[in-house]
Amino acid sequence: MALPLLTVRQLQVVLLAIMLVGGCASKAARVIRARSISAGLGPTGLFPWQLRRPIMIAMCVLELSLGLALIATAGRYGAGAPATTVRAGTALFFLVAIGTLYEVRQRRPAAGCGCFGDLSDTPIGLRTMARACLLCLAAVSSIGAPPLRMASSSREAGFWICVLGLELMLIAMLSPEIAEIGVRLGYSEPCELRRLPVTRTLASLKTSSQWRRYAAQVTGDGPADIWREGCWRFVVFQGVSHGRLVDIVFAVYLQARRPPIRVAVLDLLTDEVLPSATSV
């Protein structure tokens, strides 16, 4: 019994490395597609605007660094203090993640965890919390486990594959992202029912040519109003145009990639559409 349990503890290093590197890659892919780092904010939305970008970068770098360090210290060259330090750091990372997810769930119940980029927009639930707890336990159990080695027989290799397969299946059961993947592969959701976070809409808007054209007229720090009608989300910014107080209204289509955007500039007092308004 002791030998199989020891093997399971060793294999946690592989599982954790897959999750960490995969999570970082998913966030990076989301940022690249949206052409804005704010698209991958996730739980960093709890922090002030000026801190969100550096914290997001630090989180992604930390995930990638821990994942690569787990791989580098998995064999005999990383045995001892280096491996223990990396695995303890990984356990601490997931422990902090548990607390962060709980805080986000309490303060922003509609927000997703952002764990795997745009696949993680589903509001944080018990399954997401349980997954973080499982990964934290996996990291704790890996501390002190001996270095990984090549399987000595096909039977041992089969046992390793079964253990990893079962753990990955358990993680999949605890992952809301699996349902999102199924939706994207087999079903095209009507735009009227499409769920797209406000943060994603704002990220798409801030990287658009329409925003660059009107940004100089915006005077507020953030949107004055946001609402949704059918397939469009409307974002209003207060501004000044030709010496007149105006509302700059952006209509952003609810589409994940390169959404069409319409713009209108309205006089704040009369609601008159100013001649400078454009429709793109």
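Everything numeric here is computed off the predicted structure, so don't read it as measured data.
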Taking atom types as modelled and ignoring hydrogens, do the side chains of R127 and S175 form a donor-acceptor contact shorter than 3.5 angstrom?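 No, no side-chain donor-acceptor pair sits under 3.5 Å.
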Test item: side-chain donor near acceptor, R233 and T201, under 3.5 Å: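 Side chains of R233 and T201: pair found under 3.5 Å.
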For residues [X] and [Y]: do they belong to one hydrophobic cluster (side chain heavy atoms under 4.5 Å, members Ile, Leu, Val, Met, Phe, Trp, Tyr)?
X	Y	answer
Y253	W227	yes
L95	L101	no
L174	I18	yes
V273	W232	yes
L168	L70	yes

Is there a donor-acceptor contact under 3.5 Å from the side chain of R131 to the main chain of A172? no
Which atom pair, heavy atoms only, marks the closest approach of [X] to [Y]?
X	Y	answer
A88	I143	CA-CD1, 3.8 Å
P147	Q10	O-NE2, 3.0 Å
L254	G230	CD1-O, 3.7 Å
V246	D267	CG1-CA, 4.4 Å
P223	V235	CB-CG1, 3.9 Å
R9	G144	NH2-C, 3.6 Å

Which residues pass the disulfide bond (SG atoms under 2.5 Å apart) test with C133, not counting sequence neighbours? none
Could you go through L148 and V14, starting from their C-alpha distance and side-chain angles, then the distance that decides it, and tell me whether this counts as side chain to side chain contact (heavy atoms under 4.5 Å, CB included)? CA-CA 9 Å; L148 277 171; V14 178; 3.6 Å; yes
Could you state the interatomic distance from [atom1] ([X]) to [atom2] ([Y]), rounded to the nearest 0.5 Å?
X	Y	atom1	atom2	result
L66	M19	CG	CE	14.0 Å
C24	L62	SG	CG	9.5 Å
D247	S241	CG	OG	12.0 Å
Q255	L196	CD	CG	9.5 Å
L20	L135	CG	CG	8.0 Å
F250	S204	CZ	OG	13.0 Å

Set out, in order, the CA-CA distance, both residues' side-chain angles and the distance that settles side chain to side chain contact (heavy atoms under 4.5 Å, CB included) for Q217 and V240, then state yes or no. CA-CA 5 Å; Q217 300 178 24; V240 176; over 6 Å; no
Give a yes or no on whether the ring-centroid distance for W211 and F237 is below 6.0 angstrom. yes
So V252 and L202, side chain to side chain contact (heavy atoms under 4.5 Å, CB included) or not? Walk me through it. CA-CA 9 Å; V252 185; L202 292 176; over 6 Å; no
Side-chain heavy atoms of [X] within contact of [Y], under 4.5 Å:
X	Y	value
R244	L268	no
F94	L16	yes
I226	F234	no
L266	L274	no

Could you go through the side chain to side chain contact (heavy atoms under 4.5 Å, CB included) check for Q238 and V218 one step at a time? CA-CA 6 Å; Q238 293 182 341; V218 174; over 6 Å; no
